[in-house]
Amino acid sequence: MRMEGSVDGVTPGDGVTPEVDFRVELAEVSVAVAQAVAAHLVDERPLRLDQSTKSSATDVVTQMDSAGEEMAKRMLAQRRPGDGFLGEEGTAESSSTGLVWVVDPIDGTTNYLYRHPAWAVSVAVMEEGRTIAGCVCAPLLGMTAHAHRGGGAWFRQGGSERRLSVSSESVLSRSLIATGFGYTQQRRVSQGRLLARVIAHVRDIRRCGAASIDLCWVASGQLDGYYESGLHLWDFAAGALIVEEAGGIVTTVPGESVWSAHDGTGDRSAPTATIVAAGRGIHSDLVGVLRQAEDEVVFG
Ligand code: IPD
Ligand code: CA
């Protein structure tokens with residue numbers, strides 16, 4: 001029987017040691033910023049969005065992406081002076097504290113543009129190349145997911161918290177797997193070829209259009225797994241911690257930790273290797289299928 005993935009009646013503050021207290025505080029900052037930016041993106045969405053393009057003609061950015069990033073940066077500078085900042089839309093500040101906030105102001109910009117609800121604000125704080133606290137807020141899905149390292153992953157709804165755990169599925173052919181596609185034609189051709197191989201081994205495929213939401217759905221057991229090649233740090237910085245804290249595993253296809261898959265700078269010219277997130281029951285089988293498929297597919 002499939003496990004739904006939640007444990008009620010406990011809160012994120014229960015049982016913390018003093019050393020994780022600070023991470024609880026950072027998680028609260030990430031929730032406050034993600035929720036405030038998300039509310040702004042809903043309330044202040046103009047009738048007409050200005051659109052320009054980034055890496056390709058399909059990679060759209062709007063004035064709300066820039067406004068969201070600016071707002072996140074302002075809020076974090078007030079609450080955490082001295083911390084660094086890295087935003088998808090180009091803002092970068094160095095850190096004097098060792099902590100760096102990594103923000104995607106709208107993950108799923110195409111969904112935001114077309115008024116599909118699966119878009120999110122992703123806010124993570126990293127130390128020594130690993131996320132230690134973060135939040136993904138998808139306001140139109142009613143979802144605020146957050147985590148701090150060592151303290152579990154949680155859905156916050158109204159005043160209550162529900163603990164997340166990944167699915168217990170152990171058979172890949174019964175697994176619901178999500179993926180996503182980048183914006184350049186060459187990469188999409190490789191991703192399509194990879195998908196053609198993976199789909200033969202799984203129950204079905206989903207593509208929601210926001211990596212951070214896919215990761216949260218792995219954490220909540222609403223997906224059994226997720227993989228994508230070519231993500232950037234801001235796409236997975238919060239979501240990967242949420243999966244790990246929900247008991248899942250997030251690695252590259254060679255099997256290295258997700259935190260080794262980036263250089264910490266969010267370099268736009270250097271998207272990461274394929275990232276695989278899943279529960280323990282299927283993670284290695286999914287990696288195995290992807291490894292074999294990648295051997296047959298040349299990535300662009
Ligand atoms: C994109 C979304 C999408 C994923 C792409 C990302 P953006 O982020 O997360 O699901 O497939 O790889 O670039 O551009 O909407 O912030
Ligand atoms: Ca984005």
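Counting starts at 1 for both ligands and their atoms, following the listed order.
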Between the side chains of [X] and [Y], does any donor sit under 3.5 Å from an acceptor?
| X | Y | value |
| --- | --- | --- |
| Ser212 | Asp107 | yes |
| Ser220 | Gln222 | yes |
| Thr251 | Glu256 | no |

The Ca ion (ligand 2) reached by Ile106 (N, O or S, under 3.0 Å): yes

The Ca ion (ligand 2) to nearest N/O/S of Asp65 less than 3.0 Å: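 Not a single backbone or side-chain N, O or S atom of Asp65 is under 3.0 Å from the Ca ion (ligand 2).
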
Selection residues 160-203 - residue pairs positive for ring-ring contact (aromatic ring centres under 6.0 Å, His included), sequence neighbours left out: none

For Asp214, side-chain hydrogen bond (donor to acceptor under 3.5 Å, both in side chains) partners two or more places apart: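 So Asp214 forms no side-chain hydrogen bond (donor to acceptor under 3.5 Å, both in side chains) with any residue.
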
Atom name, Asp104 (N, O or S, nearest to the Ca ion (ligand 2)):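 The atom in question is OD1.
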
The Ca ion (ligand 2) - closest N/O/S atom in Glu88: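 For Glu88, the N/O/S atom sitting closest to the Ca ion (ligand 2) is OE1.
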
Pairs touching residues 74-85 that satisfy side chain to side chain donor-acceptor pair (under 3.5 Å), sequence neighbours left out: Arg80-Asp83, Asp83-Thr97, Asp83-Trp101

Step-by-step salt bridge (Lys or Arg N to Asp or Glu O under 4.0 Å) determination, Arg149 to Glu244: CA-CA 9 Å; Arg149 195 166 285 286; Glu244 287 184 338; 3.3 Å; yes

Contact residues of ligand 1, where a non-hydrogen atom lies under 4.0 Å away: Glu88, Asp104, Ile106, Asp107, Gly108, Thr109, Gly180, Phe181, Tyr183, Arg207, Gly209, Ala210, Ala211, Glu228, Leu231, Asp235

Aromatic ring pairing Trp119/Tyr112, orientation class (parallel under 30°, perpendicular over 60°, tilted between):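 Aromatic pair Trp119/Tyr112 classed perpendicular.
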
